[in-house]
Amino acid sequence: MQRVTAQLVAGLVAAVLLLLAEQCWADGGGPSLAERVIWAVNAGGEAHVDVHGIHFKKDPLEGKIGKASDYGVRLPILRSSPEDQILYQTERYNEDTFGYDVPIREEGDYILVMKYAEVYFAQSQQKVFDVRLNGHVVVKDLDIFERVGHSTAHDEIVPFSIQRGKLSVQGEVSTFNGKLTVEFVKGYYDNPKICALYVMKGTLEDVPKLQPHPGLEKHEEEEEEEEDGEGGDEGGKKKVPAGSKYRVQSGPRTPNPYAADNSSLMFPILVAFGVFIPTLFCLCRL
């Protein structure tokens with residue numbers, strides 16, 4: 001009897017320890033954020049370790065492609081911690097499409113995080129470009145200033161997966177040969193650029209969030225309200241469809257040339273003239 005009781009107690013203790021171990025793993029006992037990052041680069045700058053322990057390498061394109069710029073070091077970057085502002089203050093740009101190759105040897109779910117800040121232009125439509133991932137356009141018409149304004153941190157986050165030799169991103173699939181090519185595509189407005197970027201294993205929930213931006217949050221709330229109120233008036237206030245304030249009108253509406261058709265009034269006048277002129281000619285002959 002005592003032996004059975006001891007076995008039951010030992011089994012219960014083992015079960016409790018197993019549950020505790022699983023809970024510890026779920027609460028952060030697994031790989032840290034820095035350990036999940038497989039590749040990170042501080043574009044246009046030196047090596048840097050951020051507050052999360054991510055090791056950003058010195059830019060491998062230095063002296064090869066494009067130009068490095070530290071113009072932003074004179075500016076404080078909003079939404080970024082003081083220790084990591086350097087990741088948004090330096091950048092690499094090029095007068096043509098350029099990019100980085102990231103080797104990936106294991107299958108799984110990944111996240112590409114690209115860091116940006118507009119430190120030069122002070123209005124939108126001055127720098128606009130696309131981002132491609134192995135030929136797939138994953139960011140279209142990126143206008144950093146339009147997204148967040150001047151000298152403000154902005155992260156573009158792109159989840160993708162690699163399974164059975166296939167790359168899947170945003171509903172598109174292509175063959176994967178072990179190399180992820182991130183390209184910044186030259187557009188009509190100025191040159192493409194990147195401040196920093198990294199690739200990590202995980203999901204969107206694993207990506208650290210930037211500090212809140214009160215002005216940006218207010219703008220997003222206004223857009224949500226506009227979308228909710230689309231199709232009707234509430235409280236006597238007319239709702240504007242989302243995005244309409246960015247829409248450029250093509251000019252005043254052209255008047256409809258057929259809106260006022262007076263041809264029916266002209267017909268009797270023309271008939272009268274037709275009768276009057278021959279009559280007048282005959283009277284003159286007399």
Side-chain angles (χ1 to χ4, degrees), residues 33 37 40-59 61-62 65-95 97-100 111-131 138-158 182-199 207-224 243 245-246:
L33 175 63
V37 173
V41 161
N42 180 23
E46 300 294 327
H48 176 77
V49 180
D50 75 356
V51 294
H52 305 287
I54 299 175
H55 292 255
F56 289 83
K57 299 184 299 182
K58 180 180 178 179
D59 194 342
L61 297 185
E62 181 63 34
I65 299 176
K67 297 178 182 179
S69 172
D70 61 356
Y71 183 86
V73 296
R74 69 192 73 186
L75 300 171
I77 305 298
L78 300 177
R79 302 183 74 194
S80 174
S81 61
E83 299 86 350
D84 293 336
Q85 291 195 11
I86 192 63
L87 294 174
Y88 298 92
Q89 292 170 327
T90 62
E91 63 184 53
R92 177 164 298 280
Y93 68 91
N94 192 32
E95 296 179 356
T97 299
F98 76 103
Y100 295 83
I111 302 289
L112 167 65
V113 180
M114 296 170 285
K115 297 182 175 293
Y116 294 99
E118 182 52 71
V119 297
Y120 186 76
F121 293 111
Q123 60 183 3
S124 61
Q125 295 296 306
Q126 298 299 301
K127 182 186 290 290
V128 183
F129 57 95
D130 297 344
V131 180
V138 294
V139 181
K140 181 69 174 174
D141 294 333
L142 175 59
D143 188 333
I144 305 165
F145 184 90
E146 187 177 55
R147 296 285 182 92
V148 294
H150 191 265
S151 60
T152 303
H154 173 65
D155 288 358
E156 285 287 339
I157 303 171
V158 180
V182 186
E183 292 180 294
F184 309 97
V185 184
K186 171 73 173 180
Y188 292 107
Y189 301 99
D190 201 64
N191 304 311
K193 76 169 192 176
I194 181 66
C195 294
L197 68 163
Y198 66 87
V199 176
V207 180
K209 302 297 186 295
L210 290 171
Q211 296 177 9
H213 187 309
L216 183 62
E217 290 176 352
K218 184 178 180 180
H219 174 68
E220 291 175 347
E221 289 175 358
E222 289 175 351
E223 286 188 344
E224 290 177 359
K245 58 183 173 181
Y246 300 115

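When a residue number appears, it is its place in the shown sequence, counting from 1. None of these values were measured; they are calculated from a predicted model.
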Residues which pass side chain to side chain contact (heavy atoms under 4.5 Å, CB included) with Val49, listed by chain and number, not counting sequence neighbours: His55

Reported CG-to-SG distance for the pair Leu87 and Cys195, which is rounded to 0.5 angstrom: 9.0 Å

With sequence neighbours excluded, residues passing side chain to side chain donor-acceptor pair (under 3.5 Å) with Tyr93: none

Using residues 67-75 as the side-chain source, report each donor-acceptor pair under 3.5 Å to any protein atom, sequence neighbours left out, with the distance given to one decimal.
residue, atom, partner, partner atom, Å
Ser69, OG, Tyr71, N, 3.2
Arg74, NE, Tyr71, O, 3.1

Regarding Tyr188 and Asp141, is there a side-chain donor-to-acceptor distance under 3.5 Å anywhere? no

Of all residues at least two apart in sequence or in a different chain, which pass the salt bridge (charged side-chain N to carboxylate O under 4.0 Å, His left out) check with Glu95? none

Suppose we screen for side chain to side chain contact (heavy atoms under 4.5 Å, CB included). Which residues come up paired with Ser124, at least two apart in sequence or across chains? Asp143, Phe145, Glu146

Output all residues satisfying salt bridge (charged side-chain N to carboxylate O under 4.0 Å, His left out) with Asp50, sequence neighbours left out; order by chain, then residue number. none

If the plane angle is over 60° it's perpendicular, under 30° parallel, otherwise tilted; pick one for Phe129 and Phe184. perpendicular

Restricting to non-hydrogen atoms, name the atom on Val51 and the atom on Ser81 that form the minimum distance, rounded to 0.1 Å. CG1-OG, 3.9 Å

Heavy-atom nearest pair, Ile86 first then Asn42, reads O-OD1, 4.0 Å

Quick one: side chain to side chain contact (heavy atoms under 4.5 Å, CB included) partners of Lys57, sequence neighbours excluded? Trp39, Val41

Please report the interatomic distance CD1(Ile65) to CG(Asn94), rounded to the nearest 0.5 Å. 7.0 Å

Residues passing the side chain to side chain contact (heavy atoms under 4.5 Å, CB included) test with Pro208, sequence neighbours excluded, are Leu33, His52, Tyr198

Spacing of CZ belonging to Phe121 relative to CD1 belonging to Ile144, to within rounding of 0.5 Å: 10.0 Å

Please check if the side chain of Lys140 supplies one atom and the backbone of Val138 the other of a donor-acceptor pair under 3.5 Å. no

On a heavy-atom basis, the closest approach of Ala196 and Ile194 is O-CD1, 3.4 Å

Just verifying a value: how many Å separate Gln211 CD and Arg79 CZ, rounded to the nearest 0.5 Å? 9.0 Å

Identify, with sequence neighbours excluded, every residue that meets side chain to side chain donor-acceptor pair (under 3.5 Å) alongside Thr152. none

With Asp190 via salt bridge (charged side-chain N to carboxylate O under 4.0 Å, His left out) - residues at least two apart: Lys127

For Glu156, enumerate each residue passing the side chain to side chain donor-acceptor pair (under 3.5 Å) test, keeping only those at least two apart in sequence or located in another chain. Arg147, His154

Taken to the nearest 0.5 Å, the spacing of Asp59 CG from Arg92 CZ works out to 4.0 Å

Looking only at side-chain N and O atoms, does Asn191 offer a donor or acceptor that is under 3.5 Å from a partner on Lys186? yes

Side chain to side chain donor-acceptor pair (under 3.5 Å) partners of residues 114-123, not counting sequence neighbours, each pair once: Tyr88-Lys115, Lys115-Asp155

Nearest 0.5 Å, what's the CE-CG distance between Met114 and Leu142? 8.0 Å

